[in-house]
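Single-structure report; data block below.
The chains referred to below are lettered A, B, ... by the order of the sequence lines, with proteins before strands, and numbering in each begins at 1.
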Amino acid sequence: MADTGLRLIFGDAHLGVSGDGFEYLFSYGNGGLESLSRNGKEWLFRVPQPALWRALTDNDRGNGFHRRSGIWLSADAFPVPKGCTVWRDGEEIPLPIPPENNRYSENETASGIKLCFGFETIISPSPKIFISYTVSADGSILINARYEGAKGLPELPVFGVRFIMPTPAAACEYEGLSGETYPDRMAGGIKGTYAITDFTPEKYLKVQEYGMHMETERVKITRNRTLNNADPRPDEEFSLVFSREDEPFAFTCIPYTPEELESATHPEELPLPRRTVFTVYGAVRGVGGIDSWGADVSEPYHVSGEGEIGFSFRILPQE
Amino acid sequence: MANHRAVPGIEWLDDASIFRVNGLEAHSDHRFFADEAEASKGESSFEKLLNGEWLFRYSECAGKRPADFYLLTPEEAEKNFDRIMVPRHIEIAGYDRINYVNTLYPWEGHIFRRPLDKDGNAVLTGSFAKASYNPVGSYIKIFDLPEEMTGNDIRVRFEGVEQAYFLWLNGTFVGYSEDSFTPHEFDLTPYIREKENVLAVEVHKRSTAAFLEDQDFFRFFGIFRDVKLIATPKLHIEDLDLRATLEEDCESGFLTASLKLRGSAKGARIAAILRDAEGRVISESTKEVGRTESFRISFVLTKVKKWSHRDPYLYELSLFVYDEDGLLEVVPWKTGFRRIEVKDRIVYLNGERLRICGVNRHEWNPESGRVIGDEEMRKDIEIFKRNHINAVRTCHYPDKLPWYGFCDEAGIYMMAETNMESHGSWQGPGGISTSWNVPGKNPEYSSAVLDRAKSNYEWLKNHVSILFWSLGNESFIGPGIEAMNRFFKEQDDGRLTHYEGVWGDRSFEDTVSDLESRMYAKPKEIREYLSNAPKKPFILCEFMHCMGNSLGGFGEYMELFDEFEGFVGGFIWDYIDQAISREDPVSGRKVFCYGGDFDDRVTDYEFSGNGIVFADRTEKPAMQEVRYYYGRYGA
C-alpha cells in the first residue's frame with residue numbers, strides 16, 4: 001500500500017477505507033460510517049444519525065414546544081437513509097455495489113474519498129438531510145451535515161450528527177466555554193480548556209436535556225474499554241479528537257440518547273450507563289427561562305424547520 | 001379578637017376570627033444573657049431548648065383524637081404514646097401522606113370548602129373540626145424546670161408549628177395559635193412546677209389558616225421549628241426597637257433604642273455601650289429606670305461606617321439591665337447604619353442606586369423538608385456570596401430567626417415577607433375568579449393577615465438587612481392587604497413596602513406597595529412600564545423561573561439595569577429545588593422524590609423544582625450565568 005494513499009476495499013455493501021493505523025467502513029444500506037477503527041479500537045456502535053431531537057426541558061413542556069414540534073422526536077428515532085454518492089479523488093463514481101464493484105481489485109487506492117449519505121424522515125413533508133464524509137490520506141474525516149427544510153415544518157430543537165460509541169467515555173476534554181451553555185445562556189461561559197469526567201445526568205427532578213457546550217473548538221474523547229472480546233490491550237486508554245472546521249460547534253457528550261432521557265420521569269429510571277452518546281450540533285434551540293408555563297424562548301434562539309442549516313467539523317487523524 | 005379565653009374550643013379551627021388566644025404579644029427577637037461571658041459564647045442560661053424526643057399520638061381527624069390527652073399522667077403518656085422527634089414534619093415521620101401541590105388547596109377534589117358565603121361573610125361550617133380527614137398530632141413533652149430558671153417568669157416559644165395548635169401545661173389550657181411560620185410565646189408562669197411538667201400540644205393539620213397559607217410547597221404539619229423554654233429576669237427588656245438612622249448626608253448617624261420593659265426591680269438602671277466592629281467603645285450611657293414601662297437611649301454619631309452588601313459593617317449595642325443587687329440581663333444587638341429611600345422613582349441605598357440581584361428562598365432540606373438548621377443557612381450564605389447574590393426574598397413566610405442575623409452579617413438585602421399566600425382562592429383553571437378571595441374585603445381574614453403583618457414586623461424590625469416589608473404573595477388585592485401596608489408605613493422605619501398584587505385593582509396603587517412589583521413580566525412589558533411615566537420604581541419579585549434546565553435569556557433582564565434607573569432588579573424564582581430524598585426500592589439508591597411520588601393527589605408533580613441549586617444544594621449548571629450577571633450588576 002502506498003504511504004501517501006488510502007486503501008479502498010469495494011465490498012458489496014460497504015466501502016472500506018484504510019491507512020496507517022485506521023480502518024473505516026461505510027455502509028450504503030445503513031446510511032453512513034459503520035465502523036471507525038483506530039489502532040484496532042472501534043469508535044462506533046451504530047452508524048451516526050442526524051440529530052433532530054434533544055430531550056425536552058420543563059420550559060419546553062410549559063410552552064407547548066412538544067405539541068408543536070413533537071414530530072421531530074419520531075423523525076429522530078426512525079431515520080430513513082436515502083441514497084449515497086461516492087467521489088474518488090474528487091470524481092463522482094457510480095455507486096459501487098454489485099455488479100458495479102466487480103470492476104475493482106484488491107489493490108485500489110485513492111488520495112481522498114468522499115461519501116455523501118442522504119436521509120429522509122418519517123414525517124411529511126420531509127426535510128432532506130445529508131451527511132457527508134471526506135476522508136483524507138492522513139485518516140482525518142471531514143464531516144459535513146446539511147438540513148434542507150420544507151414549508152410548514154415546525155421549529156427544530158436541534159440539528160446535529162449523533163455518534164453512539166460502544167462504551168462509556170472515561171473523559172471528555174474540550175476547548176470552549178466553561179460549564180454547560182446554551183445559545184441563550186452562555187454569557188457566563190469562560191473560554192478555556194476543560195475536562196469532563198463525571199457524565200451522570202444533572203439532578204433535575206424530571207429527567208431532561210442537559211450537558212450542552214456551545215462555541216467549541218475541539219473535543220477529545222477518551223475511552224478505556226472496548227467490546228472486543230479479544231482486545232489485546234483491553235485496559236489501554238485511547239482517544240478521538242473532533243475539531244471545528246469553519247465555525248465552532250456545540251456538542252453534548254452524555255451516556256444517553258434523547259429518547260432515553262425523554263422517557264425517564266426520574267434519574268433512577270435511566271438505564272445503566274453503557275455507551276457514549278456524542279452529538280455535534282450546528283443549530284441548538286435556547287432553553288428559555290422567563291417562565292415555565294407558556295413563555296417561549298426568545299426569538300433569536302429558535303431553530304426554524306423551514307430553512308437550511310449546514311455545518312462541518314473534522315475528526316482529526318491519530319495524534 | 002378576644003385574646004383571653006380559659007376554655008379551648010375545637011370550633012376555633014373553623015373560626016377565622018380566632019387565630020391567636022392567650023399568647024404574649026410579638027416582640028423583637030433579641031436574645032438576652034445573664035452576663036457578658038454567656039453573651040460572648042452565645043449560650044444563654046435563660047433559654048432551654050425543648051427539642052428532642054416527645055411523646056406523640058397521631059389521629060386522622062379531630063373526632064378521633066385523644067381529646068383529654070393533656071390530662072394524662074407522665075406514666076400513662078409514656079406507656080400509651082409513640083415517640084417523635086421535635087422539630088419534624090409529621091408526614092416525614094411517616095404518619096401522614098406527603099403531598100406537593102402548587103396553587104390549589106390541598107383538599108382539592110376530596111373535600112368541598114369555602115371560607116366565605118355568597119355574601120362574603122366568613123362561614124363556620126365545621127369543615128375543619130368535623131372533617132373525616134384533618135389529621136391531629138397530639139404531642140406531650142415531660143420536663144423538669146432547669147434549676148437556674150426557678151424563681152423567674154417562664155414562657156415557652158414555638159418558633160414554627162403548622163398549622164393550628166392548642167397548648168396545655170399540667171392540665172391547664174394555656175393558649176391557641178395559628179400563623180405557622182411566626183414565633184409565638186405563651187406565659188407558663190402560673191402553671192409551671194419544678195418537676196415533671198407535662199406540656200401538651202395538639203396540632204391540627206388544617207384550619208381556616210389554610211386559606212391564607214396556600215404556599216406552593218410540600219404540605220406538611222407538626223412542630224417543625226425549635227421549641228424553647230425561656231426564663232425572664234424580674235426586670236426584662238421585653239421589646240427593643242432599635243433605629244439606626246443614616247442621615248441625608250450619608251455620613252452622620254443617629255441611634256435610638258426604645259425599650260419596653262417587663263417587670264420591676266428596685267434601683268433599676270440600664271447601661272448602654274455602643275461598640276464598633278473592632279470592639280472599640282464609641283459611646284456609653286447609663287440611665288435610671290423610672291416608673292414607666294418604656295425607656296429610651298439615643299446616640300449621635302458624626303461619622304459612621306455604612307452598612308451595605310459591599311461592606312456589611314455592624315456596630316454592636318449592648319444593653320445591661322441592673323437592679324440594686326447587680327446585673328439582671330445583657331442584651332447584645334448588632335446593627336448597621338443604612339439609608340433606603342426613593343427619589344424620582346429611583347431606589348437608593350446610602351445615596352447609591354440600589355440594584356437587587358436576588359433570589360426567592362424557601363427553607364429546604366431534602367431529608368427533613370422545611371426543618372433546617374444553621375448549617376443549611378451558612379451554606380446558603382456561602383453560595384450567595386460565591387455567586388454574587390446580594391438579596392433574598394423570604395418566600396412566602398418568615399424564615400427561622402437566625403437567617404435574618406446571617407443576612408445582617410453577610411450584607412444580604414432582605415425582602416421580609418409576611419406569611420400569606422391565598423392563590424387557591426382566586427386563581428382558577430378558567431382564569432381569575434375572586435368570588436371567595438381571602439382576605440379580600442372580609443373583616444375576619446383581614447384581621448388575621450394584619451396580625452401576621454404585625455408579628456412579622458415586631459419580631460424582625462431590628463434587622464438591618466431588611467430593606468423591604470413584603471405583605472405576602474399572590475393573594476389578590478383588597479382592603480385587608482391595604483391595612484397591612486398601612487401598618488408597615490405607620491411604623492415609619494424608612495423601609496419600603498412591597499406587594500405584587502396591585503395589578504388586580506389599580507385603585508390600590510397609591511395605598512399599597514412603594515414599588516411596582518411584577519412577577520415573570522417579559523422584558524418588553526418592563527420597558528413599557530418604565531418608559532411611560534412610571535409611578536413607582538420597578539421590581540421583579542419573581543423572575544427567571546429556574547425550573548429544571550432553564551435561565552435562558554437572563555441577559556435580557558440584566559440589560560434593563562443599564563437602560564432604566566428605575567429598574568430595581570429582582571429575585572430569581574427560586575433558590576432551591578424542593579424534593580424529598582428517599583430510598584428507591586427498585587435500585588436501592590437514594591433518589592429525589594416529588595409530587596405524585598407518594599401516591600399523592602392532587603399534585604403538581606415536578607413543579608416544585610425551580611432552584612438554581614438542586615435540592616441537595618449542589619449548584620445547577622445555570623449558576624454560572626447567575627454568577628456572571630450578578631457579579632457584574634450586584635457585586
Identify which part of B/Tyr605 has an atom lying under 4.5 Å from any heavy atom of chain A, answering side chain, backbone, both or neither. neither
I'd like a table of donor-acceptor pairs (distance under 3.5 Å, sequence neighbours excluded) in which one partner is a side-chain atom from residues 183-196 of chain A, with atom names and distances.
from: A/Asp184; atom 1: OD1; to: A/Val287; atom 2: N; distance (Å): 3.0
from: A/Asp184; atom 1: OD2; to: A/Val287; atom 2: N; distance (Å): 3.2
from: A/Asp184; atom 1: OD2; to: A/Gly288; atom 2: N; distance (Å): 2.8
from: A/Arg185; atom 1: NH1; to: B/Asn549; atom 2: OD1; distance (Å): 2.8
from: A/Arg185; atom 1: NH1; to: B/Ser550; atom 2: O; distance (Å): 2.6
from: A/Arg185; atom 1: NH2; to: A/Glu180; atom 2: OE1; distance (Å): 2.6
from: A/Tyr194; atom 1: OH; to: A/Ile190; atom 2: O; distance (Å): 2.5

Residues passing the ring-ring contact (aromatic ring centres under 6.0 Å, His included) test with A/Tyr301, sequence neighbours excluded, are none
Identify which part of B/Asn610 has an atom lying under 4.5 Å from any heavy atom of chain A, answering side chain, backbone, both or neither. neither
Under 4.5 Å from a heavy atom of chain A, the part of B/Glu542 involved: neither
Contacting region of A/Thr181 [heavy-atom separation from chain B under 4.5 Å]: side chain
Evaluate the ring planes of A/Phe313 and A/Phe249, with Trp represented by its six-membered ring, and classify them as parallel (under 30°), tilted (30 to 60°) or perpendicular (over 60°). tilted
Give the member of B/Tyr557, B/Tyr594, B/Phe543, B/Phe592 that has the highest number of heavy-atom pairs under 4.5 Å with chain A. B/Tyr594
Between A/Asp296 and A/Arg285, does any NZ, NE, NH1 or NH2 come within less than 4.0 Å of an OD or OE carboxylate oxygen? yes
Determine whether the aromatic ring centres of A/Phe242 and A/Phe278 lie less than 6.0 Å apart. yes
Proximity breakdown for B/Tyr520 and chain A, heavy-atom pairs closer than 4.5 Å: both
Heavy-atom cut-off 4.5 Å, strictly under: side chain, backbone, both or neither for B/Gln578 against chain A? backbone
Tell me, for B/Ala622 versus chain A, whether the close heavy atoms (under 4.5 Å) come from the side chain, the backbone, both or neither. both
Relative to chain B, which segment of A/Gln208 carries a heavy atom at a distance below 4.5 Å: side chain, backbone, both, or neither? side chain
Is there side-chain contact between B/Phe538 and B/Leu515, with at least one heavy-atom pair below 4.5 Å? no
So, the side chain of B/Ser587 versus the backbone of B/Arg589: is there a donor-acceptor pair under 3.5 Å, distance only? yes
